[in-house]
Amino acid sequence: MAAAPRFTEPSPEPAADTGEVHPVDRLPRPGRLIATGFQHVAASYAGVVAPPLVLGASIGLSPLETTFLVGASLFTAGIATLLQTIGFWKVGARMPFVNGVSFAGVAPMLAIADTQTDRRDALPIIFGAVIVAGALGFLLAPYFCKLVRFFPPVVSGTVITLIGVTLLPVSFGWIQGGHPEKPTSLTNLGLAGVTLLIVLVLRRLLRGFLQQIAILLGLIAGTLVAIPAGAVDFTATRHAALVGFPTPFHFGNPVFEAAAIVSMCILMLVCMTESTADMLALGEIVGREADEKVIAGGLRADTLGTALSPLFNGFANSAFAQNVGLVAITKVRSRYTVAACGLMFVLLGLSPVFASLIAVVPQPVLGGAGIVLFGTVAASGVNVLRKAGLEQGDNLLIAATSLGMGLIPVVSRTFYDNTAIPETLKIILDSGVSAGCLTAVVLNLAFNHLGRRASPAPAAGVPEQPVPVVR
């Protein structure tokens with residue numbers, strides 16, 4: 001998962017031969033619509049299914065339950081993408097945007113699970129918190145554009161870096177077979193190493209569309225290698241139905257706990273920041289300005305999709321920046337192409353057999369690919385920080401302190417296990433992303449905004465073009 005690149009070449013102009021129909025609103029021929037729609041599916045599929053795989057493995061779900069969770073995430077990602085591309089009323093940016101499960105949500109969800117005696121009991125609490133966070137985000141959408149100046153590169157770069165660093169230990173735990181307290185076996189280490197090598201080779205040798213799905217191809221190749229080693233469990237595939245529907249509240253009715261809600265509301269603000277950056281970049285690429293009205297509509301689609309997702313056992317959604325890059329590469333700017341991708345996600349989510357094929361991927365294989373996947377997120381954050389003007393003012397101090405606060409629960413999961421610390425505060429502190437984000441926002445306000453007699457340093461204001469990232 002990597003940040004979408006900046007584009008310095010002039011923005012494309014609407015084609016003159018189409019009259020008043022902008023390329024974004026042009027409906028391609030059926031064959032081209034299906035082919036280009038599937039290309040977006042391939043580019044974002046791994047990103048959609050990775051969060052439920054991380055959560056399912058971490059909280060101890062069975063292969064069959066993990067399969068259900070993956071199918072639910074595909075289904076809800078499709079709904080959110082359709083809201084974004086087709087839209088209704090004031091909902092939807094009506095641009096070629098793929099919406100899917102945000103990677104940023106994994107860390108705080110795992111922190112919520114850590115507070116439960118039985119980690120599987122965390123799902124209803126997570127779903128309740130996501131519903132509230134989505135509803136709050138929907139109400140904030142028309143005002144959020146006015147607040148984006150409080151999330152300059154020094155803040156967003158810190159948060160993105162922490163997302164990747166916080167998730168890397170999850171990848172290492174996969175390589176250890178889900179038992180991070182035990183040494184990894186040579187078989188698991190070998191499978192992870194082979195998968196990592198395959199992904200790197202594919203990224204180096206392939207081009208275009210195939211290069212974009214190198215991680216997905218690496219997972220497939222790593223699983224094939226794992227079959228002779230006896231590391232693949234086909235139980236979920238044998239028991240999965242050909243057609244199924246993500247039963248509402250399959251894991252129980254939502255539970256609303258204050259601490260979890262606060263954590264997810266913070267996550268929602270982070271997701272809205274990332275989506276805003278993606279919309280600004282995409283607007284330049286397709287030649288349609290992402291003004292305040294467009295951004296507000298896009299954020300409404302993000303947050304409404306998030307609020308509805310728990311009904312079908314899904315999680316928080318945000319824009320996928322790898323698809324922004326895909327639009328730039330293919331020059332296919334039609335929003336209906338991405339709407340076709342959303343419809344395909346819905347259909348995939350209604351086929352448990354297909355979803356079960358993802359659940360058979362062994363944990364060590366996931367771990368090998370996860371090093372690239374999560375490491376890329378951290379590297380993307382470092383790249384944003386590199387452009388944040390750390391040599392100016394107190395930005396270096398802000399980033400350093402925020403990273404330190406965010407790394408505490410990564411280095412020691414028992415650091416805050418003091419009975420004197422309220423449980424509400426513990427859930428926030430135990431999430432490196434939440435703790436680091438809060439620290440960065442507060443310090444940025446204190447050093448770059450409050451009490452300033454002069455204009456803030458350039459890096460602390462509104463970036464000319466925020467750097468978008470993938471969740």
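Numbers here are sequence positions counted from 1.
Across every non-hydrogen atom of T303 and F138, the tightest pair is OG1-CA, 3.1 Å. The shortest non-hydrogen separation linking G222 to I198 is N-CD1, 4.4 Å. Across every non-hydrogen atom of S318 and C271, the tightest pair is CB-CB, 3.9 Å. Of all heavy-atom pairs spanning V48 and G100, the tightest one is CG2-CA, 4.4 Å. In this structure, T161 and V382 approach most closely via the heavy-atom pair OG1-N, 3.3 Å. In terms of heavy atoms, R333 sits closest to V286 at NH1-O, 3.3 Å.
The distance from the NZ atom of K90 to the CG atom of L304 is 15.0 Å, given to the nearest 0.5 Å. Interatomic distance, CZ of F312 versus CG of L308, reported as 7.5 Å (0.5 Å rounding). To the nearest 0.5 Å, atoms NE2 (H40) and CZ (F97) are separated by 11.5 Å. The CG atom of N317 sits 8.0 Å away from atom CE of M268, with the distance rounded to the nearest 0.5 Å. Atom CZ of F447 and atom CD1 of I398 lie 6.5 Å apart (nearest 0.5 Å). Separation of atoms CG (L385) and CG (L403) is listed at 6.5 Å; rounding is to 0.5 Å.
Between the T306 side chain and the G134 main chain, no donor and acceptor come within less than 3.5 Å of each other. In terms of modelled atom types and a separation under 3.5 Å, the side chain of S412 and the main chain of I408 share no donor-acceptor contact. Under the 3.5 Å distance criterion, the side-chain polar atoms of Q84 are left unmatched by any main-chain donor or acceptor of M95. Formation of a donor-acceptor pair under 3.5 Å by the R335 side chain with backbone atoms of T85 is found in this model.
Residues V294 and R288 have side chains not in contact (no heavy-atom distance under 4.5 Å, counting atoms from C-beta outward). Between R94 and D25 the shortest side-chain heavy-atom distance does not fall below 4.5 Å. Using a 4.5 Å heavy-atom cutoff, the side chains of N395 and N448 are in contact. Contact of the W174 side chain with the V54 side chain is registered, since non-hydrogen atoms from C-beta on lie closer than 4.5 Å. In this structure the side chain of P96 never reaches within 4.5 angstrom of the side chain of T337, judged on heavy atoms. Residues L123 and L55 form a side-chain contact, since some pair of their non-hydrogen atoms from C-beta on lies under 4.5 Å apart. Side-chain contact between C341 and M344: absent, with no pair of heavy atoms (C-beta onward) separated by less than 4.5 Å. Side-chain contact between L162 and V410 is absent, with no heavy atoms from C-beta onward closer than 4.5 Å.
A side-chain donor-acceptor contact under 3.5 Å links N99 and D302.
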Does I371 form a side chain to side chain contact (heavy atoms under 4.5 Å, CB included) with I175? I'd like the steps, not just the answer.
CA-CA 10 Å; I371 291 176; I175 298 174; 4.0 Å; yes
Could you walk me through whether R203 and V372 pass the side chain to side chain contact (heavy atoms under 4.5 Å, CB included) test, one step at a time?
CA-CA 11 Å; R203 284 289 302 179; V372 176; 5.9 Å; no
Please evaluate residues I79 and F345 with respect to the criterion side chain to side chain contact (heavy atoms under 4.5 Å, CB included), reporting the C-alpha separation (whole Å), side-chain torsions for both, the decisive distance (0.1 Å), and the verdict.
CA-CA 8 Å; I79 297 297; F345 273 142; over 6 Å; no
Audit row: F75, N313, side chain to side chain contact (heavy atoms under 4.5 Å, CB included) steps and yes/no:
CA-CA 10 Å; F75 181 80; N313 312 283; over 6 Å; no
